[in-house]
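Working notes, structure below.
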Amino acid sequence: NRGRLDKSVHPFCGGCLDDVRMTTRYDADNPLDSLFSSIHEAGHGLYEQGLPSEWRGAGPSKAAGMGVHESQSRLWENMVARSTPFWKHWEPRYRAAFPERLAHVSSDQLHRAFHAVARQPIRVDADEVTYNLHVMLRFDLEKRLFAGTLQVKDLPAAWTALAQELLGLTPKDHKEGCLQDVHWSGGAFGYFPSYTLGNMLAAQLWHKIRQDLPTLDAELAQGDCSNLLKWLRTNVHQRGRQLDLDALAVAATGEPLAPTRLLAYLKERYAPLYGV
């Protein structure tokens, strides 16, 4: 009763701790899109709802920046919702919703679909392994724009060249290239790194959570996320903006923010699937 979910062209979450508004989208050819998009936005919404209400309207009740915000959405979307224990509970209900389409799809095939890694021109559709390359592409171009070494009129060509270098693909048009995101047209320069910072923090939080909650896999297999949410409420949400990203990382995980846990998480989850 403190939030709602609606449909839009692009999944989004906004509002405040008393009124969270989320949106998702639907693709008839890709039902997983709306599922993971909704879970991603729910991660944002849970963070907003968990901010300290006693400071309502004041600084401490605000989010600790978009890097922390993205850590919450990415943790729920990827670490939790793509995990084997999570789907041990939800797969039967998912199959009940799409009985004909999934009749000839095995559990292993379904699990691999959640973890498909491929070259993808669209950032929001990118998998966990390649996602941060999209952020690197945008941040590199942003720095050049602000340094004056890249003119706006030359951005499409620069995008294509860097996409070839980092992603190994060529966008077929500007919609797949420099016009695919709303951030720059909305003036949100310097925002994209928050996604990678969020991924890094999410991986550190997930490592610490699994240490502190040794029965988490069994709980997720029963569809129970209550202890996980309680941990996040205590160690992340209730701190609001009392700590910045770096200080929060140390306070919640005991480690300074670094890519180490993210790289270890990606190797642990994806290397066995691809025989690496």
Side-chain angles (χ1 to χ4, degrees), residues 3-15 20-46 70 72-135 137-138 159 163 167-186 192 195 198-199 220 223 225 269-270 273-274:
R4 57 178 287 154
L5 176 67
D6 293 287
K7 184 172 67 173
S8 69
V9 174
H10 187 82
F12 194 76
C13 178
V20 170
R21 304 296 179 96
M22 302 185 301
T23 67
T24 193
R25 64 186 176 193
Y26 299 94
D27 182 350
D29 296 321
N30 182 15
L32 296 178
D33 182 53
S34 62
L35 180 67
F36 288 113
S37 293
S38 298
I39 295 172
H40 177 102
E41 300 308 331
H44 284 300
L46 287 169
E70 294 299 343
Q72 299 307 286
S73 59
R74 299 292 282 180
L75 186 147
W76 284 100
E77 175 193 3
N78 295 322
M79 282 73 175
V80 178
R82 296 182 193 274
S83 71
T84 299
F86 181 88
W87 280 97
K88 184 175 182 180
H89 174 79
W90 291 105
E91 183 179 342
R93 297 185 64 173
Y94 194 60
R95 289 186 177 278
F98 302 100
E100 296 180 4
R101 296 299 182 95
L102 294 175
H104 302 292
V105 178
S106 69
S107 294
D108 182 65
Q109 289 173 319
L110 192 62
H111 182 71
R112 287 181 176 274
F114 302 150
H115 298 91
V117 176
R119 291 184 175 92
Q120 167 60 257
I122 304 299
R123 174 186 61 85
V124 296
D125 296 331
D127 56 82
E128 285 187 276
V129 177
T130 62
Y131 184 92
N132 296 296
L133 296 175
H134 289 263
V135 176
L137 184 154
R138 288 154 176 78
W159 180 291
L167 304 174
L169 53 80
T170 301
K172 65 182 180 182
D173 52 31
H174 296 333
K175 186 178 179 181
E176 278 193 355
C178 63
L179 296 182
Q180 66 176 267
D181 295 300
V182 301
H183 301 60
W184 289 344
S185 61
F192 287 109
Y195 294 116
N199 287 332
L220 293 178
C225 299
R269 178 164 287 190
Y270 287 90
L273 289 173
Y274 286 86

Exercise. Side chain to side chain donor-acceptor pair (under 3.5 Å) with Asn199: which residues, sequence neighbours excluded?
Worked result: Arg74, Asn132
Exercise. Residues in side chain to side chain donor-acceptor pair (under 3.5 Å) with Arg138, at least two apart?
Worked result: Gln180, Asp181
For this session: Please collect all salt bridge (Lys or Arg N to Asp or Glu O under 4.0 Å) contacts where either partner lies in residues 95-108, sequence neighbours excluded, each pair once.
Result: Glu91-Arg95, Asp108-Arg112
Exercise. Got a donor-acceptor contact below 3.5 angstrom from the His134 side chain to the Gln120 backbone?
Worked result: yes
Exercise. What pairs with Cys225 under side-chain contact (heavy atoms from CB on, under 4.5 Å), at least two apart in sequence or on another chain?
Worked result: Trp76, Leu220
Exercise. Does the side chain to side chain contact (heavy atoms under 4.5 Å, CB included) test come out yes or no for His40 and Glu70, once each step is laid out?
Worked result: CA-CA 9 Å; His40 177 102; Glu70 294 299 343; 3.7 Å; yes
Problem set entry | Partner residues of Val117 under the side-chain contact (heavy atoms from CB on, under 4.5 Å) criterion, sequence neighbours left out | Asp127, Val129, Thr130, Tyr270, Tyr274
Exercise. So how far is it from Asn78 CG to Arg269 CZ, rounded to the nearest 0.5 Å?
Worked result: 7.5 Å
Problem set entry | Arg123 to Tyr195, cation-pi by 6.0 Å centre distance and 45° axis angle | yes
For this session: Return the set of residues passing salt bridge (charged side-chain N to carboxylate O under 4.0 Å, His left out) with Asp173 (not counting sequence neighbours), or none when no residue passes.
Result: none
Problem set entry | Ser37 and its side-chain contact (heavy atoms from CB on, under 4.5 Å) partner, picked from Val124, Asp27, Thr24 | Thr24
Seminar exercise, completed: d(Ser83 OG, His115 NE2) to nearest 0.5 Å is 7.5 Å
Exercise. Does any non-hydrogen side-chain atom of Pro121 lie less than 4.5 Å from one of Leu167?
Worked result: no
Problem set entry | For Leu32, all residues meeting side-chain contact (heavy atoms from CB on, under 4.5 Å), sequence neighbours excluded | Asn30, Leu35, Phe36, Tyr94, Ala113, Phe114
Problem set entry | Separation of Ile39 CD1 from Ser73 OG (nearest 0.5 Å) | 12.0 Å
Problem set entry | Residues that Thr84 engages under side-chain contact (heavy atoms from CB on, under 4.5 Å), provided they are two or more places apart | His111
Problem set entry | Pairing residues for Arg25 by the salt bridge (charged side-chain N to carboxylate O under 4.0 Å, His left out) criterion, not counting sequence neighbours | Asp33, Asp125
Exercise. Is there a donor-acceptor pair under 3.5 Å between the side chain of Trp87 and the backbone N or O of Ala81?
Worked result: yes
Problem set entry | Set of residues satisfying salt bridge (charged side-chain N to carboxylate O under 4.0 Å, His left out) with respect to Arg82, sequence neighbours excluded | Glu77
Seminar exercise, completed: Asp6 meets the salt bridge (charged side-chain N to carboxylate O under 4.0 Å, His left out) criterion, sequence neighbours left out, with Arg4
For this session: Over all heavy atoms of both residues, which pair between Cys13 and Gly45 is shortest? Give the atoms and the distance, please.
Result: SG-N, 3.6 Å
Problem set entry | Residue pair Ser34 / Pro31: nearest heavy atoms and the distance that separates them | OG-O, 3.2 Å
Problem set entry | Straight-line distance of Phe12 CZ to His44 NE2, nearest 0.5 Å | 8.5 Å
Exercise. Should we say atom NE2 of His10 is surrounded by more than 12 heavy atoms from elsewhere, each under 6.0 Å from it?
Worked result: yes
Exercise. Considering residues at least two apart in sequence or located in another chain, which fulfil the side chain to side chain donor-acceptor pair (under 3.5 Å) criterion with Ser8?
Worked result: Thr23
